[in-house]
Amino acid sequence: MIELYEAELPSRLLLGTAQYPSPAILAEAVRASGTAVVTVSLRREMAGGRAGEEFWSLIRSLGVRILPNTAGCHSVKEAVTTAQMAREVFGTNWVKLEVIGNHDTLQPDVFGLVEAARILCEDGFAVFPYTTDDLIVAERLLAAGCKVLMPWCAPIGSALGPINITALRSMRGHFPEVPLIVDAGLGRPSHAATVMELGFDAALLNTAVAKAADPVGMARAFGKAVEAGREAFSSGMLEPREIAMPSTPTIGRAVFS
């Protein structure tokens, strides 16, 4: 179980809903992953017409919580307006806040992100900010009213996995009581297990599942990896050492001459 904005959720995996081969495969992947939260883009709904209505009906039938996002927004005004529209369309005050600053890397505009987060938090939103692994930015987001942080581990859709484990570990240590969700750049289940072993509370991904040869199987694999990584962290893993240590005790062993 994980608690986000006073909501208890049975899964630590959050799953995106874009780029799947078909609605049927999307639905099956969501079920296979065990996720309790899916992200949905308002822009897709507004642009989809009748297809968008059918997609929304499908998502509602899955019985999962909706986390609308402001994907594709490049300014504070655009992100805030999109979030407010999403609240009306989806009937939730949850929003994954994205304010993109670079077209190539899709890195967040952290200055605009903090400002948009402040406006939305004051307006009663439960903001999930897509941010970098910078500690100062994280502090500003918390001061703006965010109660959850979503640092990237690599550029969106890159599948590179955690490219700066030191920074992620520092963020976990610096904010021990804040729910941290790794968002963007996860490409393999082992990547998800790695960040969960660092002590992160959840992982959000989309492309690695949607673009897999078998999205349903990959969704299932990520669901298992997230749980395995969390259980490993909670169980107290051994710290690496540079010298060998025998696993078989030497005291009391038989002596042969």
Side-chain angles (χ1 to χ4, degrees), residues 2 4 12-16 39 67 69-71 73-74 79 96-118 121 127-208 222 225-242:
I2 179 175
L4 300 174
R12 294 177 180 272
L13 175 64
L14 291 75
L15 197 61
T39 63
L67 176 60
N69 66 44
T70 63
C73 293
H74 289 76
K96 176 188 171 186
L97 179 61
E98 298 183 27
V99 182
I100 301 302
N102 185 281
H103 290 281
D104 296 322
T105 66
L106 300 181
Q107 180 171 336
D109 171 0
V110 294
F111 304 101
L113 180 67
V114 171
E115 177 61 16
R118 182 189 62 78
C121 287
V127 178
F128 293 69
Y130 163 61
T131 183
T132 64
D133 52 25
D134 186 279
L135 298 181
I136 305 304
V137 175
E139 289 177 343
R140 297 293 187 271
L141 288 168
L142 294 174
C146 298
K147 297 181 180 179
V148 173
L149 297 174
M150 301 180 69
W152 70 349
C153 73
I156 293 173
S158 67
L160 289 171
I163 57 178
N164 193 341
I165 288 184
T166 299
L168 292 175
R169 185 179 286 114
S170 295
M171 179 168 276
R172 177 71 286 176
H174 199 73
F175 304 105
E177 304 301 325
V178 177
L180 300 180
I181 303 172
V182 169
D183 176 23
L186 296 172
R188 301 180 178 184
S190 58
H191 295 159
T194 295
V195 297
M196 296 303 291
E197 287 174 358
L198 293 176
F200 280 77
D201 298 283
L204 192 159
L205 57 121
N206 186 168
T207 309
F222 267 103
V226 166
E227 293 305 318
R230 180 64 184 186
E231 187 166 352
F233 171 76
S234 300
S235 299
M237 296 175 294
L238 291 177
E239 293 297 322
R241 65 181 75 225
E242 296 181 355

Got a second to check how far [X]'s [atom1] is from [Y]'s [atom2], nearest 0.5 Å?
| X | Y | atom1 | atom2 | result |
| --- | --- | --- | --- | --- |
| L205 | L13 | CG | CG | 5.5 Å |
| F222 | S190 | CZ | OG | 8.0 Å |
| D134 | R140 | CG | CZ | 9.5 Å |
| L141 | C121 | CG | SG | 8.5 Å |
| L149 | H174 | CG | NE2 | 10.5 Å |
| M196 | R12 | CE | CZ | 5.5 Å |

Check [X] against [Y] and note the closest heavy-atom contact, atom names and distance.
| X | Y | result |
| --- | --- | --- |
| I181 | L204 | CG2-N, 4.0 Å |
| F200 | V182 | CD2-CG2, 3.4 Å |
| D201 | P179 | OD2-CA, 3.3 Å |
| N102 | I100 | O-CG2, 3.6 Å |
| Y130 | D183 | CD1-OD2, 3.4 Å |
| A79 | E98 | CB-O, 3.9 Å |

Steps toward side chain to side chain contact (heavy atoms under 4.5 Å, CB included) verdict (L97, L113): CA-CA 8 Å; L97 179 61; L113 180 67; 3.7 Å; yes
After noting the C-alpha distance and the side-chain angles of R118 and E115, does the key distance pass the salt bridge (Lys or Arg N to Asp or Glu O under 4.0 Å) rule? CA-CA 5 Å; R118 182 189 62 78; E115 177 61 16; 2.5 Å; yes
Without placing hydrogens or testing angles, list every side-chain donor-acceptor pair under 3.5 Å for residues 150-159, not counting sequence neighbours.
residue, atom, partner, partner atom, Å
S158, OG, P155, O, 2.8
S158, OG, L160, N, 3.4

Is there side-chain contact between T39 and F128, with heavy atoms separated by less than 4.5 Å?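 They are not in side-chain contact.
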Is there a salt bridge (Lys or Arg N to Asp or Glu O under 4.0 Å) between D133 and R172? Walk through the geometry before answering. CA-CA 10 Å; D133 52 25; R172 177 71 286 176; over 6 Å; no
After noting the C-alpha distance and the side-chain angles of E139 and I136, does the key distance pass the side chain to side chain contact (heavy atoms under 4.5 Å, CB included) rule? CA-CA 5 Å; E139 289 177 343; I136 305 304; 3.8 Å; yes
